[in-house]
Q: 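Questions regarding the structure given below will be posed in turn.
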Amino acid sequence: MTKSKDLLLKIRDLEIEGRSDETWMPIINGASFDLHKGEVLGLIGESGAGKSTIGLAAMGFTRDGVRISGGSVEFDGINLVTASAAQKRALLGKRIAYVAQSAAASFNPAHKIIDQHTEAPVQHGVQGRKDSESDAIELYRRLRLPNPEEIGFRYPHQVSGGQLQRAMTAMAMSCRPDLIIFDEPTTALDVTTQIEVLAAIRDIVEQFDTAAIYITHDLAVVAQMADRIKVLLKGDEVEEADTATMLSAPKEDYTKSLWAVRSFERPKKAAPAADAVPIVRVKNIDAAYGTVPVLFDVSFDIHAGRTVAVVGESGSGKSTAARCITGLLPPTKGVIEFEGVEMPLDYRKRTKDQLRQAQMIYQMADTALNPRKTIGEIIGRPVEFYGGLKGQKKRARVEELLHEIEMEPSQYIDRLPSELSGGQKQRIGIARALAAEPRFIICDEVTSALDQLVAEGILRLLAKLQDELGLSYMFITHDLATVRAIADEVVVMKDGRVVEQGPKAEMFMPPHHAYTDLLLSSVPEMDPDWLTNLLDARGVDNIGDAAVDKM
Amino acid sequence: MTTWQFLLLALVAIAALGWVFRAVGQSVTGNAPFYRDMPYGVAFGYVLAVAAILGSVWLYLQEGAVFFRWAVQGLIGFSVAAYLFRLLGQSVGPEAMRKLFRQMPLTASFGILVIIIYAILSIFAGPISPLFIAGLGIAAVVLVEISRRSSTTEGHQVVVMIALLTMALFIIMFFVGPLAPHGQEEVFPRANIVPGGDVALGGDPEFPLGTDQIGRDILSRLIYGAQNTVGIAFATTCLAFFLGGTFGFLAATLGGWLDQILSRSVDVLMAIPALIFALLLMTIASVWAPRLGIPLTFFMVIIIAVIDSTRVFRLARAVGTQIVVMDYIEAAKLRGEGLPYLIFREILPNATAPLLAEFGLRFCFVFLTIASLSFLGLGIQPPLADWGTMVKDLSQFINFAQFAPNIAAAPLLAAGAIALLTVAVNFVVDWMLHRTSGLKE
């Protein structure tokens, strides 16, 4: 259907270089594609594949320290690589718009949303201020933002993340551009919020027949949005095809491996004996930040050698429950038992051995590892602190731990965290937790900041360690694919309460609690018709936050 | 034609030339992106800069502009020296240092050069005793031995290199002799010798920068001034950082009522104007000092350090609170680590970059405060040579600037020494701040 339409964007042999360490390093090695009017192209790849760089280059723009060294970017017959600043100024914002990953960081917090919305149309002389404001309200209505008449007159911090992302899409639409570049617009959002934004973006792109480049690393998302998909790997094109062809018959090995990630699943374990003493028992805890209560009567057990996944949206109290177990946030009420023994609620009152029993792995490996310490020091500290090992013995133990997390000691032991990739950093976080020789590890969203292939590697490693060392995990996540892969039991939380809990198999089978059902149904699937079917089945008002509000 | 009319006309001419410059550039280069995308303001700026340079050349050639001529010569001289220094740094030394010099702007290389010169002047101003060299040698051997036991082979090599270089420098300087030709307290019978060493103008080649009213050699006192002023300023800044840093990190890590007490007391101290407060305390101290038999300089170091530590406290607390919320601090707390480990091993290494930059700036302020106090007669006491006191003592010679620039140069030399070091340290700090902020994403 798209072939008949006019060619809008033509990129040929695009080569981009970035300045690093006094030399120009290639970032993109010759990318070529066409984009026709009203067509959506999905760009996928791991972080560092050059997706965003291509997205920005499609506007003739490069970040500081990056240059276009070859090839052409032709937008409607104008070569943006050689176009003058004045020419580009007339195009950008008016005919080409950009939607950034983090709307919260991209809006100016000092101005009202609608003032930022009307700026482009007024500057480009498309519309007057009054007309543009009424147009904005119309766009807000079409994007199904609550209170369209009024929401634009708020400041960015006064609306939620999902709403802000939709307001940004409306802003990109303000001049009715021919091309919009969406740079991971839903990556930072919860699943239930994401689905609403996806539906809104798809709807408005279709209504105005806008062409779009949709950049993401989530295959299921791109399957819903794009007409064609292009796969990138480290600046090289891997393959490009229609969405349906790409999903059903990928040609390259790399693409196939991306598709296969979701198939990892652990064998089912036998249920623990009824009289077994759980490693960790959380009994009826309430907790509050200052005077604001956040947890209400939360109880669950974690048995030896098993993984309990705690799922829920951000703000549902998952991480707070973990903070209660570690003792960082002493509960106001309730009991926490380790192997049947009641623990002091405040971590400062726990003994060294009690502290050793429960370790934690964090979501952001960047902030979880001290950037000024070498890997050897980071892992060596708990070895020395708990085990009392020093000198050669300590080094031997650190090397052993590095072997366990499948990293070569001689190569990594003297490196700083900044010299590692995201997945490697996360492995170091795991090694640091293991160094304490704990019985129980809390994994707080350990894979959500990682690419899918890397995340799968981490999950496999955690599973292997569990089998070898008999560890128990409390796995906090909002990604149900991860739950499916690794969990034995599932606890669903909402607004500080446990909504539902039980073995994994039961949780994925109906009937569920209405909220569990919503969570499960909001996880995008690899079927390109999934969103359409879901919208048909439920209607636009019964997905995402709108549905949560009704509960 | 009045001056105002002339200025207005010049501006109009520059505005027109800016437009012409851009148009010519566009047509000559065939619309190269540089000229094509040049905003008019930039073109105007280029022409204005050319006009300013031409104006400077004209002023330089004028008969009476002696001080301007000196300034231009100084600027060119220092730029060439900085350029050569950077070239030297790029071609000798280990690869990491060469790379540092390759990325360095000229201002920073100028700053580093000046700081090195000041450091050498202040360390080797007076005679070095053989005992001192022997002590240094023993200290070096001990240090090398300690590093051999605890550190990796690479770290050990660096320590050995530094120890060897320091020893070599000290031994060479021992044979070269003191850098100051005379002692700082030495009084010669010939007072008020004009700088320049030209006998016809009342100079003396033995005293190239002349002597002051009571016949002390200005060059020697300038060199000793580096030792006294810079040394005391350095010690004061270190003390201020020790106090402010310790309390700042404690406030950030522990929080709660301790943070409140410390922060509010610092607020109270900061509410009093620093120089007036220092003057007040120094006046009190000048009564106490003779009674207790402690030199006034000692009181000055403590007073300035306490007053300046409030600024350091603020910075350390701000940086500390940002680091304390990181997950790796939480991990360390959950491990059961004590407070000293948290502060010195987890927080401090991450706070060094902003603290180091602040150290440079703070050093300048401390240094200027000491010079100001000395100028007012309350700082470093005679017979120690000090730049602030020198400016005060020689200040009346400024009146000769119009007809005898050589004589007026005497007080300006000390003032220039202060200015040069302040500018140099600021250049280096700016560069360091730029580097650390550039490294963050």
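Quantities reported herein were computed from a predicted structural model and do not represent experimental measurements. Because only heavy atoms are used, hydrogens play no part in the values below, and waters and symmetry mates are left out as well, while side chains stay in. Each chain gets a letter, A, B and so on, in the order its sequence line appears, and its residues count up from 1.
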Q: A:Arg381, A:Gln87, A:Lys88: which one forms the most heavy-atom pairs within less than 4.5 Å of chain B?
A: A:Arg381
Q: Relative to chain B, which segment of A:Arg350 carries a heavy atom at a distance below 4.5 Å: side chain, backbone, both, or neither?
A: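 Nothing of A:Arg350, per the 4.5 Å heavy-atom cut-off to chain B.
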Q: Given that the side chain runs from C-beta out, which part of B:Pro349 has a heavy atom under 4.5 Å from chain A: side chain, backbone, both or neither?
A: both
Q: In terms of heavy-atom pairs under 4.5 Å with chain B, which of A:Lys352, A:Met360, A:Arg356, A:Lys373 leads?
A: A:Lys373
Q: Are there residues of residues 325-335 of chain B that reach to under 4.5 Å of chain A by heavy atoms, and which ones?
A: B:Met326, B:Asp327, B:Tyr328, B:Glu330, B:Ala331, B:Lys333, B:Leu334, B:Arg335
Q: Let me know if A:Ala368 has heavy atoms under 4.5 Å from chain B in its side chain, its backbone, both or neither.
A: both
Q: Can you tell me which portion of A:Ala83 sits under 4.5 Å from chain B's heavy atoms? Options are side chain, backbone, both or neither.
A: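 For A:Ala83, backbone heavy atoms alone lie under 4.5 Å from chain B.
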Q: For A:Arg89, which atoms come within 4.5 Å of any heavy atom of chain B: side chain, backbone, both, or neither?
A: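 It is neither, since no heavy atom gets under 4.5 Å.
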Q: Is it the case that over 12 heavy atoms from other parts of the model lie below 6.0 angstrom from the CZ atom of B:Phe344?
A: no
Q: Could you check which of B:Gln103, B:Arg36, B:Arg102 has the highest count of heavy-atom pairs closer than 4.5 Å to chain A?
A: B:Arg36
Q: If you count the non-hydrogen atoms of other residues, nucleotides and ligands that lie under 6.0 Å from CZ in B:Phe234, is the total more than 12?
A: no
Q: For B:Tyr46, does the OH atom have more than 12 heavy-atom neighbours from other residues, nucleotides or ligands under 6.0 Å away?
A: no
Q: Return yes when atom OH of B:Tyr83 has more than 12 non-hydrogen atoms of other residues, nucleotides or ligands closer than 6.0 Å, and no otherwise.
A: no
Q: Counting only heavy atoms from other residues, nucleotides and ligands, does the tally under 6.0 Å from CZ of B:Phe247 exceed 12?
A: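 Open.
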Q: Closest heavy-atom contact between A:Pro371 and B:Asn350?
A: CG-OD1, 3.1 Å
Q: What part of A:Ser418 is in contact with chain B, defined as an atom under 4.5 angstrom from a non-hydrogen atom: side chain, backbone, both or neither?
A: neither
Q: May I ask you to say whether A:Glu377 pairs ionically with B:Arg345, meaning some side-chain N is under 4.0 Å from a carboxylate O?
A: no
Q: Counting only heavy atoms not in B:Met161 (residues, nucleotides, ligands), do more than 12 fall under 6.0 Å from its CE?
A: no
Q: What distance do B:Met38 atom CE and A:Ser84 atom OG have between them, rounded to the nearest 0.5 Å?
A: 14.0 Å
Q: Is the number of heavy atoms from other residues, nucleotides or ligands within 6.0 Å of CD (B:Glu95) greater than 12?
A: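 Counting other residues, nucleotides and ligands, CD of B:Glu95 exceeds 12 neighbours.
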Q: Counting only heavy atoms not in B:Trp19, do more than 12 fall under 6.0 Å of its CH2?
A: no
Q: Are any of the side-chain nitrogens in B:Glu346 or A:Arg372 under 4.0 Å away from the carboxylate oxygens of its partner?
A: no
